[in-house]
Amino acid sequence: MRIPKKPVSFCLFLFYPELSASSLFPRFRSPGKRKGFHTTGGYQLHASYSMEKGHETAVRGDQSAHFAPMGSTDGGKKPCVWSSPQGGCKIDIRKQIFCNRSLNMKNIVAVGFDMDYTLAQYKPETFESLAYDGTIRKLVYDLGYPRELLNWSFDWTYMVRGLVLDKKRGNILKMDRHKYVKVAYHGFKELSKEDKVNTYGNTLVRDSFDEPDYIIIDTLFALAEAYMFAQLVDFKDKNSGNFPESVDYAVMYKDVRAAVDLCHRDGTLKQMVANDPQRYINEDTSIVPMLRMLRDSGRATFLVTNSLWDYTNIVMNFLCESRTVDGSRKCNFNWLKYFDVVITGSAKPSFFHDGNRANLFEVDLESGMLHNTDNGSPTAQVGSSSPAPTLSLNGQKKGCKVFQGGSVGHLHKLLSIESSSQVLYVGDHIYGDILRSKKVLGWRTMLVVPELEREVELLWELRDTRKQLQLLRNERDMIEDKIHHLKWSLKSVDNLHRSEVALLRYDDISAEEKQKLSSEYYALEFRRDQVRFIHQQSQRECHQMFHKIWGQLMKTGYQNSRFAHQVERFACLYASQVSNLSLYSPDKYYRPSEDYMPHEFDILPL
């Protein structure tokens, strides 16, 4: 008995109105039709999409105890650190430290920090826009790009970390932990499922999605250049006559990187920040209490940054002393009392290679001049009978030495580190800070993920919705199993019909029973399509609560995103801010939650 082909109606709520997405997910709003991307006067190219203010504070209903304001007391003026009388209480989930691998802080003798985007959290709406504008000017005035670019604007909410740029094709990709591309855009145009599969799914050998053909956006600073790359792709597609044939997508990305480097080399960006750090850097009053608590617990603290001494001193003065260059409280060196060693101009990630033979220079704090050292010890001048000079730290009882360059070997000697596992390093860059320090050295690592604060809040707010999504997924799977079983039964009946031996048995099946089986089959197909549609729509809307284009940072569908996979692999700990350390005991034993294999989820203990 053959099953005739029968179209399934897409009026899915006709017979099952109780399954509508709005009834199951009252929090969801049906997203409006996304506008395209266009040029306006002067070929201004920008995305019509932007993150609405409503999404910045989305689904803030009744606040749970998980979101009690545990980060500070006295109206947010004084940090509520663990060592204070008010400390040691329940921590807001947004301020928690999450653990991938067990870490006993009692075994840590030195805690190190990166500066940019770790201790110093830059404001994307001002700092990233500053970097974007500077890069545009370099492209136009130094690299000869069309002047129309000067009219472009930057949407700092559009790109997210963890994306991959396909330099050859001009595509921006988001993939899961297995490197399957789930979301793909060409410039600002979304690729169809067919184009996505044909480009990235129909290959005999899985693409590694690594350099030189691909670039991973794993730092917040790279978001501006990723957005600019998407703009240039769209601009080239619409104005191909403005570009020489030799300038393809890969060349454009190379030029963007060159323009970014020019902005760094001429000091434009850092001079603007130095003039008004409060405009570009978030103040965090918990940093000093955190550093003081770590030092009082007997641990050494150190700073390793790629920034040079002059800029480092300005930023750290602002963070630790609220001092600025032009303010009433002038910059000084008092913040150095919170560190044992400071290494500037470290050239990470090469700094982490023990075979690195870079020279280590001591920095004169007043003049910024560099002095030769012998593994950190000052060396005497040739032809001088006087002993090797020592650099004054303005009367500090225990002087923190400031260096430039060198390698991790120098740092270990300066701090008398016996085992690399005794060091905890906190940074924001998966590749430059975390991967190298963990994979090459075996340091313990903590990754700072500022986006995590909003992500965990939304996860908590959407917990009931996520349960409903899982129930829908389970129902879809159950219906599909029933369809497969019924189809198998109908196929067996058809085989009986063609068998002369079993002819009598087939005749025993009445036409009414055959019709009943067919009707049941079609009803199940209809139900399956209905549940699948609601599930897909609801899941899409759930992801859009996190970001309208790229969805949840740590997920791609039901799989961990590639970014989440890297966090899991290389970060022992991760948190939204470096100062979250101040909310925990300096001797805490961090333990991960229990890992479960897929076969264990249905039999989890109550």
Side-chain angles (χ1 to χ4, degrees), residues 108-120 211 216 218-222 257 260-261 264-265 270 291 299-313 315-316 336 338-365 368 370-379 400-448 566 569-573 578:
I108 299 298
V109 301
V111 181
F113 303 90
D114 181 31
M115 185 180 76
D116 297 311
Y117 288 102
T118 300
L119 290 173
E211 294 183 352
I216 301 174
D218 53 5
T219 67
L220 291 171
F221 188 78
R257 280 300 317 157
V260 171
D261 290 340
H264 281 290
R265 286 204 298 269
K270 293 185 175 180
L291 293 171
R299 289 168 178 82
T301 54
F302 64 91
L303 178 68
V304 177
T305 174
N306 285 353
S307 294
L308 298 179
W309 164 245
D310 54 350
Y311 183 72
T312 300
N313 187 40
V315 171
M316 294 306 297
L336 289 171
Y338 302 118
F339 296 93
D340 293 277
V341 173
V342 171
I343 297 183
T344 62
S346 62
K348 293 177 296 182
S350 62
F351 176 85
F352 294 119
H353 289 277
D354 197 32
N356 181 6
R357 295 292 180 260
N359 292 324
L360 182 69
F361 300 96
E362 191 164 6
V363 178
D364 183 88
L365 305 186
L370 303 181
H371 296 259
N372 292 321
T373 71
D374 180 10
N375 288 325
S377 300
T379 58
C400 165
K401 291 189 175 182
V402 179
F403 299 94
Q404 179 173 313
S407 68
V408 69
H410 294 121
L411 179 64
H412 283 176
K413 290 178 182 178
L414 289 166
L415 295 174
S416 301
I417 301 296
E418 297 178 356
S419 170
S420 59
S421 62
Q422 296 176 320
V423 178
L424 172 65
Y425 187 66
V426 188
D428 71 290
H429 190 178
I430 281 281
Y431 180 77
D433 293 324
I434 302 304
L435 187 152
R436 289 297 173 182
S437 58
K438 177 69 178 174
K439 196 172 181 179
V440 176
L441 295 176
W443 279 5
R444 309 310 302 271
T445 54
M446 175 173 161
L447 182 70
V448 175
Q566 291 178 317
R569 287 183 65 193
F570 300 114
C572 301
L573 308 175
V578 64

task = Determine yes or no for a side-chain-to-main-chain donor-acceptor pair under 3.5 angstrom, with S407 supplying the side chain and R357 the backbone.
result = no

request  = Considering non-hydrogen atoms only, spot the tightest contact between L303 and L119 and give its length.
outcome  = CD1-CD1, 3.8 Å

query = Can you name the nearest heavy-atom pair linking H429 to D218, along with the distance?
reply = NE2-OD1, 3.3 Å

query = Between K348 and V304, is there a donor-acceptor pair closer than 3.5 Å when you use the side chain of the first and the backbone of the second?
reply = yes

key: Aromatic ring pairing F221/Y117, orientation class (parallel under 30°, perpendicular over 60°, tilted between)   = perpendicular

task = Measure the spacing between CG of D428 and CG of D116 and express it to the nearest 0.5 Å.
result = 8.0 Å

query = Do the ring planes of Y425 and F302 sit parallel (below 30°), tilted (30 to 60°) or perpendicular (above 60°)?
reply = parallel

request  = Calculate, to the nearest 0.5 Å, the distance between atoms CG and CG belonging to L370 and L308 respectively.
outcome  = 9.0 Å

ask   = Looking only at heavy atoms, what is the nearest atom pair of T445 and A571, with distance?
value = OG1-CA, 3.4 Å

inquiry  = Nearest 0.5 Å, please: how far is CD in Q404 from OG1 in T373?
reply    = 11.5 Å

task = Please report the C-alpha distance between L365 and L336 in whole Å, then the side-chain angles of each, then the deciding distance to 0.1 Å, and finally whether the side-chain contact (heavy atoms from CB on, under 4.5 Å) criterion is met.
result = CA-CA 11 Å; L365 305 186; L336 289 171; 3.7 Å; yes

query = How long is the span from the CD1 atom in I343 to the CG atom in L411, to the nearest 0.5 Å?
reply = 4.5 Å

inquiry  = Looking at every heavy atom in both V578 and T118, which two are closest together, and how far apart are they?
reply    = CG1-O, 3.4 Å

query = Got a second to check how far L415's CG is from D340's CG, nearest 0.5 Å?
reply = 6.5 Å

L360 vs L414 side-chain heavy atoms within contact, under 4.5 Å = yes

query = Which distance, rounded to the nearest 0.5 Å, do you find between the CG of L424 and the CZ of R444?
reply = 8.5 Å

inquiry  = Main chain of A347, side chain of N306: is a donor-acceptor contact present, judged purely on distance under 3.5 Å?
reply    = yes

ask   = Which atom pair, heavy atoms only, marks the closest approach of T344 to S307?
value = CB-O, 3.2 Å

query = What are the two closest non-hydrogen atoms of F339 and T301, and how far apart are they?
reply = CA-OG1, 3.3 Å

